[in-house]
Structure formats: C-alpha cells, structure tokens
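Worth saying up front: this structure is predicted, and the values here are computed from it rather than measured. Residues take their numbers from the sequence shown, with the count starting at 1.
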Amino acid sequence: MIEDILDALPEPALVVAGGRVRTSNEPARNILGPDIDGQDVRLAIRHPAAVERLLTANPQGPEEAELVGLGEAERRWTMSVAPLADGALFVRLSDRSEAHAAEQMRVDFVANASHELRTPLATLVGYAETLREQKAELDDPTRERFTIIVHDEARRMQRLVEDLISLSRIEAERFSTPRDALDLAHLVRDAAGGCRGLADERGSEVRLEIEPDLPPIVGDFGQILQLVDNLVTNALRYGRRGTPVRVGLGQERDMVHLTVADQGEGIPPEHIPRITERFYRVDPSRSRSLGGTGLGLSIVKHIVERHRGRLRFESEVGKGTIVHVLLPVAGAASS
Ligand SMILES: Nc1ncnc2c1ncn2[C@@H]1O[C@H](COP(=O)(O)OP(=O)(O)O)[C@@H](O)[C@H]1O
Ligand SMILES: [Mg+2]
C-alpha cells in the first residue's frame, strides 16, 4: 500500500490527487501541519510555486522545485513530483538546508578571501606607484620607509596565500588517515624553537612542560607542527608582553593531551564558538597589526578533525587562554 511506503520514508512525503492531499506521512505532517490529509493543497502547502506545480495537469519544466521557508523559516527543501498510475501525484520533500548552508559558506569564503587579498594589494600598488613616479621628490628616509611598507604588505599577502593553500590541502586530505608515528615531545620542541624569534620580539619565553615516556601518536608531521606553531604564535601574540607561554604534553587514557596556555587578554565567551571560522577575529585590526591572517585556528580545527582529535578553548577575559588538543595514541585510533 502507498501508506506503508510513505510511512517507511524518513523524509516528508504525500500523495496529492484532484488538488487535495490524499494521504501523508508523519514527517510531512510535522512540517505542514497535523490536519493536512484531505486538505486543499493550497492550504496544506502555502508555497505558490509548489502549489502551481501540483495543480498543473501536464507541467512543463523541471520535475523538481526549490522551496524556502516551509515549516521553519530558514529551511530549504527540494520538492520532487512523480505521477502515480491513477493520475495522483507522489510528492517528496528533501531537506537541502545543510547543502545550502555549505554552499553559502563557500560563497562567503571566496568573497572574504578576495577582500583580504585586495587590501594589501591596493597598498602595494599605491606605494609602488609613488616610488616610481616621484623618484626625484622623495628623500632617502621616505623612500626607505615606503620600501619597508611594500615589503611588509607583500609578506602579508604571501602569508595569506600560504594559509589558503594549507587550508585547501588539509581539506582535500580530510578523508585520508595520516600514517606517520610521531613523537610529539620532539615535535613540540621543534615548534617552540621555530617560535623563538617571535618570543624574543614579545619579551616572552616558551616553557615546555612535557611528561616523560609519552606514547607516539599517528599523525602528519607537517600538519601537527603547523598546529603547534599556530597555537604558540597566537599565545605569544595575544598574551601580554613579557609573560611566559606554557606548552604542556601529557597522556589522558588513549589520547595525548597538548595544552598551550598564555597570560593575556583572553577570549570573551560569546566569541569562542566562532573563532575557528575562517577569517573570524575578535578584534580584526589588532589581528592584522600583529600579522594575523584570521585563518590560523580554522587550520588548527581542520588538522584536529583529520587526526580524529578534539579541540577545546578555555579562556578567562583579562587572565588568559588555554587551548586543549587531544590526539589519539598510535594503535588506539583504529576505532
Ligand atoms: N591565545 C589567544 N588569546 C586571545 N585571543 C585569541 C587567542 N588565539 C586566538 N585568539 C582570537 O581568535 C582569533 C582567530 O585566531 P586565528 O584564526 O589564529 O587568526 P589570527 O591570529 O590570524 O587573527 C584571533 O584574531 C583572536 O581574536
Ligand atoms: Mg593566529
């Protein structure tokens, strides 16, 4: 029976005949209303495009229609219609909200990335033109200053492009499991060494607190190094000058627990859920002036996901931030 088929479908489905709902399943009644059986389709589905499609005897055009705001206002559905033997119409609604949100994110990302690239590029072009056209009028110190600006802006663009490339590589590798057995203690020492320049600049020290005899994890060396580097860089940048950054490594059951702690401004709680979004910054001008691209934590998030790990932010405004990363120990990750 058609009712049995309808009830077996997880998505909203109904049968329409002669402009009325003949029968429907529970998901359909959940979004269209409990009393739609027997109702005029114009009342049951308050969506003009969909109704028109269902009332036209021999519709021209596509078999599918996009419906916005059926049930909850933000949801999007694809309605597909198939005629049954007796001339009734079998109508199915598939939820496209998630696919639509993902598509929207992609569109926003391209727009944001272009905007982020355009700003340093405009500065570059402006200063390069001045340097060329007013060669005679500029004194040496001014020319030197302009050259430094050109260089800094070019470096900023380079960092941004490098982060964009990293992000797309990590995303492309999302479904391939990393293979190297990694000694995190060794890797963390490497990463801390790589941050020495920035640490000196900030008058800060990176202190390592590493438990002995940690088991190896399975990971991608380059990516985990990048993860630690991004977290330590943030801690040094957003920590108060002259205060230490602590990097801890310990074991917690079948995970290795990495912490990066700073004493700094902290992150207001309402921002925490969003700081791993691409280009999201608590204070955009401050991030830019410190040389940030706004992509560091979203790279971290993707790396943690690829390694089937966990990421958590613990922060107190005015005191500081501790970032926790849990990564599965080699051999335990097979689940
Ligand atoms: N340790 C930290 N302390 C305070 N704020 C932080 C810290 N780490 C990250 N943030 C906030 O999260 C934002 C996003 O970080 P990230 O993705 O690394 O981008 P970027 O550092 O390039 O701005 C930063 O702009 C900053 O506002
Ligand atoms: Mg950063």
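- Between the side chain of Thr123 and the main chain of Thr119, a donor-acceptor pair closer than 3.5 Å is present.
- The hydrophobic cluster containing Met255 does not contain Val218, counting ILVMFWY residues as joined when their side-chain heavy atoms lie under 4.5 angstrom apart, directly or transitively.
- Between His271 and Tyr280, the two ring planes are tilted [angle within 30° to 60°].
- By the 6.0 Å contact criterion, CD on Glu11 is enclosed, its count of non-hydrogen atoms from other residues, nucleotides or ligands being greater than 12.
- The two residues Ala88 and Ala17 have their closest heavy-atom pair at CB-CB, 3.9 Å.
- Judged purely by distance below 3.5 Å, without hydrogens or angles, the side chains of Thr293 and Arg159 never pair a donor atom with an acceptor atom.
- Formation of a donor-acceptor pair under 3.5 Å by the Trp77 side chain with backbone atoms of Val68 is not found in this model.
- The closest side-chain heavy-atom distance from Ile224 to His307 is below 4.5 Å.
- For the pair Glu265 and Arg286, the salt-bridge criterion is met [side-chain N within less than 4.0 Å of a carboxylate O].
- Side chain of Ser315 to backbone of Ile267: a donor-acceptor contact under 3.5 angstrom is found.
- A salt bridge links Glu66 with Arg96: the distance from a Lys NZ or Arg NE/NH1/NH2 to an Asp or Glu carboxylate oxygen falls below 4.0 Å.
- Summarising the geometry of Ala28 relative to Ser24, their closest heavy-atom pair is CB-CB, 4.2 Å, with the distance given to 0.1 Å.
- In this structure the side chain of Tyr238 never reaches within 4.5 angstrom of the side chain of Val282, judged on heavy atoms.
- Side chain to side chain, Ser176 and Arg306 meet the donor-acceptor criterion of an N or O pair below 3.5 Å.
- Both Leu311 and Leu187 are part of a single hydrophobic cluster, where members link through side-chain heavy atoms under 4.5 Å apart.
- The hydrophobic clustering, which links ILVMFWY residues whose side-chain heavy atoms are closer than 4.5 Å, places Leu93 and Leu9 apart.
- Between the side chain of Arg278 and the backbone N or O of Leu297 there is no donor-acceptor pair closer than 3.5 Å.
- In Arg202, the CZ atom is crowded: over 12 heavy atoms of neighbouring residues, nucleotides or ligands sit closer than 6.0 Å.
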side-chain hydrogen bond (donor to acceptor under 3.5 Å, both in side chains) between Ser285 and Asp283, worked out: CA-CA 6 Å; Ser285 59; Asp283 180 347; 3.3 Å; yes
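- Look at Asp86 and Arg22 and you find a salt bridge, because one of the NZ, NE, NH1 or NH2 atoms lies within 4.0 Å of a carboxylate O, short of that distance.
- Looking at Asn112 and Ser114, their side chains never bring a donor and an acceptor atom within 3.5 Å of each other.
- Shown here for Gln223 and Ile303, the closest heavy-atom pair between the two residues is O-CD1, 3.2 Å.
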Check against side chain to side chain contact (heavy atoms under 4.5 Å, CB included), Val325 and Val256: CA-CA 8 Å; Val325 177; Val256 173; over 6 Å; no
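- The salt bridge (charged side-chain N to carboxylate O under 4.0 Å, His left out) check on Arg42 picks up Asp40, with sequence neighbours excluded.
- Residues Ile36 and Gly33 approach most closely at CG2-O, 3.6 Å, considering heavy atoms.
- With respect to the salt-bridge test (charged N to carboxylate O, under 4.0 angstrom), the residues Arg174 and Glu171 do not qualify.
- Under a hydrophobic clustering in which Ile, Leu, Val, Met, Phe, Trp and Tyr are joined whenever their side-chain heavy atoms come within less than 4.5 Å, directly or via other members, Val260 and Val317 fall into different clusters.
- Using a 4.0 Å cut-off between charged nitrogen and carboxylate oxygen, Arg155 and Asp152 do not count as a salt-bridge pair.
- Between the CD1 atom of Ile2 and the CG atom of Asp7 there is a distance of 10.5 Å, given to the nearest 0.5 Å.
- Judged purely by distance below 3.5 Å, without hydrogens or angles, the side chains of Ser166 and Asp163 never pair a donor atom with an acceptor atom.
- We find that Glu116 and Arg281 are joined by a salt bridge, their nearest charged nitrogen and carboxylate oxygen being less than 4.0 Å apart.
- Arg196 CZ: 12 or fewer foreign heavy atoms inside a 6.0 Å radius.
- Distance alone, capped at 3.5 Å, is enough to place a donor-acceptor pair between the Asn25 side chain and the Leu6 backbone.
- The same ILVMFWY cluster, assembled from side-chain heavy atoms under 4.5 Å apart, contains both Val245 and Leu208.
- Side-chain atoms of Glu209 and Arg246, non-hydrogen and from C-beta on, do get closer than 4.5 Å to each other.
- Among all heavy-atom pairs drawn from Pro27 and Pro10, the shortest one is CG-O, 3.6 Å.
- Judged purely by atom type and a 3.5 angstrom limit, Ser204 has no side-chain atom pairing as donor or acceptor with the backbone of Asp200.
- Sparse packing is recorded around CD of Glu74, with 12 or fewer heavy atoms of other residues, nucleotides or ligands lying under 6.0 Å away.
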Stepwise salt bridge (Lys or Arg N to Asp or Glu O under 4.0 Å) check, Arg106 with Glu103: CA-CA 5 Å; Arg106 198 190 61 78; Glu103 173 62 11; 3.4 Å; yes
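- Among all heavy-atom pairs drawn from Ala192 and Val206, the shortest one is CB-CG1, 3.9 Å.
- Between the Arg310 side chain and the Leu326 main chain, no donor and acceptor come within less than 3.5 Å of each other.
- Glu129 and Gln134 are not linked by any side-chain donor-acceptor pair at a separation below 3.5 angstrom, with hydrogens and angles left out of the test.
- Counting heavy atoms from C-beta outward, Arg75 and Asp95 have side chains that approach closer than 4.5 Å.
- A donor atom on one side chain and an acceptor atom on the other are not found under 3.5 Å apart for His257 and Gln251.
- Taking a 6.0 Å sphere around CD of Glu137, one finds it holds more than 12 heavy atoms contributed by other residues, nucleotides or ligands.
- Contact of the Val228 side chain with the Leu258 side chain is registered, since non-hydrogen atoms from C-beta on lie closer than 4.5 Å.
- Interatomic distance, His47 NE2 to Leu32 CG, rounded to the nearest 0.5 Å: 11.0 Å.
- The backbone N or O of Gly320 lies less than 3.5 Å from no partner atom in the side chain of Asp262, so there is not a single donor-acceptor pair.
- At least one donor-acceptor pair closer than 3.5 Å links the side chain of Thr147 to the backbone N or O of Arg143.
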